[in-house]
Amino acid sequence: MLGKMMDQPLLISALIKHAARFHSDTEIVSRETDGTLNRTSWQAIEEQSRRLMAGLRKLGLEQGDRIGTIAWNNHRHLKAWFAISGGGMVCHTLNPRLAPDQLIFIVNDAGNKALFFDKTFAPLIAGTRAHLKTVEHFIFMGPRDPEIEAAVPGAVFFDDLVQEAPQDWPALDENTPCSLCYTSGTTGNPKGVLYYHRSTMLHTFAIAVPDALNLSSTDTILPVVPMFHANAWGIPYAAAMTGAKLVMPGPGLDGDSLLHLIESEKVTLALGVPTIWQMLIAAAKKAGSRMDSLKRNVIGGSAAAPSMIATFRDDFDCETLHAWGMTETSPLGSANQIKGKHLGLEPDAMAKLRLGQGRPPFGIDLRIVDETGAPLPHDGQAEGALQCRGYWVVDTYYGKTENTLTADGWFDTGDVATIDADGFMVIRDRTKDIIKSGGEWISSVDLEGIAVSHPGVAMAAAIGAVHPKWDERPIIIAVKAEGANPSQSEILALFEGKVAKWQIPDAVVFTDAIPLNGTGKMLKNKLREQFGNYLIDQGA
Ligand code: ADP
């Protein structure tokens, strides 16, 4: 048949080219590691990325080389992303909060040839570099600095590399790897997920649409979620695609710093994990701020407590979009946007609908299965293992030869969920965190949501404690809010009428802090080690 459409590969460089051409003066604001603010534009980011790409090539780095970054969200990190991936190399974001041993394992496993690092992480580099066997170049993300020259001898300086003349973006096959991200390894050694230009581009198109994250050039977006946490959920790419203004928080992830940025830059949309919002809400309430510009926030990474969604809605007039995903799913797997049929819903019914993790965008398919792998109905009642497949879902982990899928080609997420007839999915728990009491399952997510609705509770985890009769019984591990002193009975009273009687926790144990992993999730395996025998010790 005669006639043909253009054949253009889906490449990450196209995103930054578009942003520079059609949103050239849109601002990118970053908090630098020294606390000052940097202002640049999409046009400058693109030009400097092409200079940096030339600088990397001059160092001898080539297509396919894995290049690590240990950095905050800032303009240099953004340039490194586009220079590395756009240049056909693989951008490997590293989580600096990992234990040094894990970091060493990941850098060696990935075979990183170069490593970008922020000033904050110079001591980490100095302490681990002897073990980083494959790294030939340590690139400091800043200007020439004698302190760094002393701490990391031989370091190369980012601001020198961008003095090179800019080179053109190379033509690549769209199935070229562009970036690499390891799971946080709460269940064993971290595993690498290798993203491709094509998968990333399709993910970028999908997350920007109104029924997903609803991004536009009128937005000022604050990705609090770090670029090392599943690629900041794809926001830097989608911001370039839509031409949105980006506000990068650098190391200032405490409530006061975020509040200040939201107010001074008039942020309209912010994204992050629940622990971040808790700090922000506390800071805003203390300062008497209503965060007027902030119209929407995206909560993902862990379940958003119903009381947190209500606080954003009622106290800050901010609409929370609850989203679910994994490193293995690039990461967006679902987002809670209503359908046309829900438009006239009563406030209570609407609020209830918005609590869950929402429905998959085009490009992701979800199902739930029983223990035998048989699909369960999408009736909002049946709970099963959540599986997914799609254009941006992992097939084979980095460095492995066998794929990680079920016999019929689905990826098992390790989550337990329900899905209703409209496709709305609710995460009930992670398979390994669900509490099994006398053969019945209790959702730790539900119990935590109720516990933190007490204003005197800053953070709460529900775990299964060993019980001689029921195998496990739920207990709550709680951290008190600053200046508050709630009692166990007050907290337990909250559960009456909200869950079945047998699901009400047996105890509330107060602790000073709940251990978090590198992406701000509660480490329940640590809590189980610490408090798993609590009921036995109490004479159960
Ligand atoms: P890790 O598996 O190492 O924690 P990820 O950041 O990829 O790294 O985590 C993915 C997991 O996070 C999901 O499988 C799910 O258990 C949890 N998760 C992500 N978003 C949500 C959410 N909105 N509600 C509940 N759990 C979530």
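Note that the structure is a prediction, hence the values are computed from the model and not measured.
Under 3.5 Å, the side chains of T220 and E265 contain no donor-acceptor pair of N or O atoms. A side-chain donor-acceptor contact under 3.5 Å links S444 and D429. Between the side chains of Y237 and N231, no donor N or O sits under 3.5 Å from an acceptor N or O. Side-chain atoms of T134 and N112 include no donor-acceptor pair closer than 3.5 Å.
Remark: F205 CZ is loosely packed, at most 12 non-hydrogen atoms of other residues, nucleotides or ligands lying under 6.0 Å away. The neighbour count for H260 NE2, taken as heavy atoms of other residues, nucleotides or ligands under 6.0 Å away, does not exceed 12. For D315, the CG atom sits in a packed shell: over 12 heavy atoms of surrounding residues, nucleotides or ligands are nearer than 6.0 Å. Counting heavy atoms of neighbouring residues, nucleotides and ligands inside a 6.0 Å radius, atom CZ of R21 does not exceed 12 of them.
A search for salt bridge (charged side-chain N to carboxylate O under 4.0 Å, His left out) contacts involving K58 returns E164, not counting sequence neighbours. Partners of D254 under the salt bridge (charged side-chain N to carboxylate O under 4.0 Å, His left out) rule, at least two apart in sequence or in another chain, do not exist in this structure.
Of the residues listed (T69, T128, L132, I139), the one engaging L115 in a side-chain contact (heavy atoms from CB on, under 4.5 Å) is L132, and it is the only one. Just one of W392, Y196, W233, Y391 meets the ring pair (Phe, Tyr, Trp, His ring centres under 6.0 Å) condition when paired with H203; it is W392.
With contacts defined as side-chain heavy-atom distances shorter than 4.5 Å, the pair L280/V224 does not qualify. For the pair M459/T275, a side-chain contact is recorded, criterion being any heavy-atom separation below 4.5 Å from C-beta on.
Under 4.0 Å is where a charged nitrogen must lie from a carboxylate oxygen, and between K119 and E32 no such pair does. Ion pair K286/D256 not flagged as a salt bridge, since none of the NZ, NE, NH1 or NH2 atoms sits closer than 4.0 Å to an Asp/Glu carboxylate oxygen. Between K295 and D219 no salt bridge is recorded (no basic side-chain N to carboxylate O distance below 4.0 Å). Under 4.0 Å is where a charged nitrogen must lie from a carboxylate oxygen, and between E319 and R354 at least one such pair does.
Separation of the H77 and F116 ring centroids does not fall under the 6.0 Å cut-off. F140 and F158 have their aromatic ring centers separated by at least 6.0 angstrom.
Put simply, CG on L98 and OG1 on T519 are 9.0 Å apart, with the number rounded to the nearest 0.5 Å. Note that OG1 of T93 and CG of N73 are 10.5 Å apart. Values are rounded to the nearest 0.5 Å. From T40, atom OG1 reaches atom CZ of R76 across 10.5 Å, with rounding to the nearest 0.5 Å. Atom CG of N517 and atom NZ of K526 lie 10.0 Å apart (nearest 0.5 Å).
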CA sep, side-chain torsions, deciding dist, call: L516, R97, side chain to side chain contact (heavy atoms under 4.5 Å, CB included): CA-CA 10 Å; L516 302 176; R97 298 180 190 133; over 6 Å; no

From CA spacing to verdict: side chain to side chain contact (heavy atoms under 4.5 Å, CB included), I281, M308: CA-CA 9 Å; I281 288 172; M308 181 177 278; 4.1 Å; yes

Working for ring pair (Phe, Tyr, Trp, His ring centres under 6.0 Å), residues W72 and F121: CA-CA 10 Å; W72 302 118; F121 309 115; 5.0 Å; yes

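Considering all non-hydrogen atoms of both residues, S307 and S453 come closest at OG-CA, 3.6 Å.
Side-chain atoms of W277 come within 3.5 Å of backbone atoms of G272 as a donor-acceptor pair (strictly under, hydrogens ignored).
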